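Comments concern the structure below.
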Protein chains: 2
Amino acid sequence: MLYICVTGNVLLIMEEDFLIEMGYPGLTARLKRLSDLFVYQTKEFYKEHNLDIEPNWHMIFLILKKHDQLTVTEISELLHLSHPAIVKLINKMKKKGYIDSVKDKNDYRKYQLTLSKKAKEKLPVLETYWSAGEQALEELLEGNSKLLEQLSIVERNIEDLDFKTRMEQLLNKY
Amino acid sequence: MLYICVTGNVLLIMEEDFLIEMGYPGLTARLKRLSDLFVYQTKEFYKEHNLDIEPNWHMIFLILKKHDQLTVTEISELLHLSHPAIVKLINKMKKKGYIDSVKDKNDYRKYQLTLSKKAKEKLPVLETYWSAGEQALEELLEGNSKLLEQLSIVERNIEDLDFKTRMEQLLNKY
DNA sequence: CATATATATGTAACCAGTTACATATATATG
DNA sequence: CATATATATGTAACTGGTTACATATATATG
């Protein structure tokens with residue numbers, strides 16, 4: 001399943017990759033495949049260094065470092081993820097003692113979430129590992145942020161008019 | 001959670017998005033979030049048009065259209081996905097009658113997979129829906145394939161030296 | 001002010017991938 | 001040729017998202 005690939009004046013021996021060959025319709029699976037790869041390898045990396053955190057906790061650490069105190073709903077809105085996703089995440093972090101949760105005095109439906117003392121103390125160590133991850137990613141992106149920019153374009157356009165509606169419109173054209 | 005965003009000479013009211021704000025470390029979750037969005041909306045689209053197929057079957061239809069006959073292992077290698085992922089996918093497609101599977105005459109461990117008669121007959125209809133999806137995606141990418149190219153760069157670099165190893169190397173620098 | 005509606009959180013069932021392990025068959029080697 | 005090793009497929013348990021539904025509290029309205 002190997003093939004020769006000529007890019008510029010460099011000759012590469014490459015693995016054949018049908019998802020790439022597919023073009024546009026292969027995009028969805030490539031996004032998932034790449035995301036999974038990052039998640040699994042980061043998990044492994046943390047494990048080998050005995051950090052008892054999960055890859056996606058990074059975003060919660062950062063968001064609560066910035067905003068100090070947030071509810072589940074606020075986090076889910078800021079991250080554009082569903083609230084059950086955040087509930088599960090937060091429950092795991094609570095169980096490990098990284099999150100403090102206190103009932104809101106003015107609205108008894110809400111719980112105000114903050115980073116625990118343990119979490120704040122661990123931050124400096126965690127940051128050295130996160131920094132290695134960020135640099136590794138920069139290497140993979142070859143030092144430019146075009147991938148992030150291209151993703152932003154898609155995200156903005158989807159916010160404007162969602163994917164399904166676009167498919168419906170294009171289908172009805174014929 | 002809204003904010004004003006000035007791009008060029010256009011003023012936009014945007015949802016705040018912390019994953020974008022995070023920069024590089026937000027990438028993994030954005031890839032997953034976007035992939036999920038495509039999958040869920042495509043699923044919905046198929047359902048509303050009473051197509052009894054799943055979004056990720058598209059790649060199996062195409063790969064078996066091109067190669068005619070493949071085994072589970074060959075498919076998993078061509079797609080760079082694990083073989084259990086393909087086993088599950090193929091079992092569902094078999095159950096719906098889209099895949100024929102015959103034991104290899106020369107190697108009794110293998111099953112040769114092909115598109116069934118039903119699958120081949122349905123292809124022309126499916127292609128009109130896939131075409132709408134492809135065009136919708138082109139719209140979202142604003143007609144250029146930079147996102148695909150940037151992904152290819154990352155994929156190539158990872159094949160060269162994996163993400164975890166890069167993190168380890170960068171960590172040991174300090 | 002009683003009741004309808006909206007919001008915040010939580011739970012259940014599902015989905016598409018993963019790794020680790022099991023089993024059957026093929027191939028290579030002492 | 002017997003046995004060790006490698007390969008093809010399959011299964012189990014896990015992960016991190018989703019939608020749909022349930023419950024408690026807050027807010028708005030007749």
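Below, chain A is the first sequence line, B the second, and so on; all start at residue 1. Since this is a predicted model, take the numbers as computed values, not measurements. Heavy-atom basis, side chains included; hydrogens, waters and symmetry copies ignored.
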Please check the phosphate of dT9(C) (OP1 and OP2 only) for any side-chain N or O of T71(A) closer than 4.0 Å. yes

Any strand, both distances under 3.5 Å, Watson-Crick or G-U wobble: dA13(D) pairs with dT18(C)

Going through the checks in order, is the ring-ring contact (aromatic ring centres under 6.0 Å, His included) test met by Y129(A) and Y46(A)? CA-CA 8 Å; Y129(A) 293 92; Y46(A) 289 165; 7.4 Å; no

Taking DNA chain C as the partner, which of residues 79-88 of chain B come within under 4.0 angstrom of it by heavy atom? L81(B), S82(B), P84(B), A85(B), K88(B)

Sugar-phosphate, base or nothing in reach of K92(B), heavy atoms under 4.0 Å: sugar-phosphate

pair_partner(dA28(D)), Watson-Crick or wobble, both distances < 3.5 Å, evaluates to dT3(C)

Between the CD atom in E139(B) and the CD1 atom in I158(A), the distance rounded to the nearest 0.5 Å is 11.0 Å

Answer yes or no: is there an ion pair linking E155(A) with R33(B), defined by an N-O contact shorter than 4.0 Å? yes

Could you give me the CA-CA distance, side-chain angles and deciding distance for L126(A) and I53(A), then say whether side chain to side chain contact (heavy atoms under 4.5 Å, CB included) is met? CA-CA 9 Å; L126(A) 294 178; I53(A) 59 164; 3.6 Å; yes

What residues 104-116 of chain B contributes to the DNA chain C interface at heavy-atom separation below 4.0 Å is D107(B), Y108(B), R109(B)

How long is the span from the OG1 atom in T71(B) to the CG atom in L113(B), to the nearest 0.5 Å? 7.0 Å

How many whole angstroms separate atom NZ of K43(A) from atom C1' of dG17(D)? 13 Å

Name the orientation class of the two ring planes belonging to F163(B) and F38(A) (parallel below 30°, tilted from 30 to 60°, perpendicular beyond 60°). perpendicular

Taking the nucleotide of DNA chain C with the nearest heavy atom to each, does V72(A) or Y40(A) sit closer to the 5' end? V72(A)

Verdict with reasoning, L78(B) to L19(A), per side chain to side chain contact (heavy atoms under 4.5 Å, CB included): CA-CA 8 Å; L78(B) 285 167; L19(A) 286 183; over 6 Å; no

Check each residue of residues 45-69 of chain B for a non-hydrogen atom within less than 4.0 Å of any atom in DNA chain C, then write out the ones that pass by number, or none. E54(B), N56(B)

Are Q169(A) and L161(A) close enough that some pair of their side-chain heavy atoms sits under 4.5 Å apart? yes

Does K122(B) qualify as a cation-pi partner of Y98(B), given the criterion of NZ or CZ under 6.0 Å from the six-membered ring centre and within 45 degrees of its axis? no

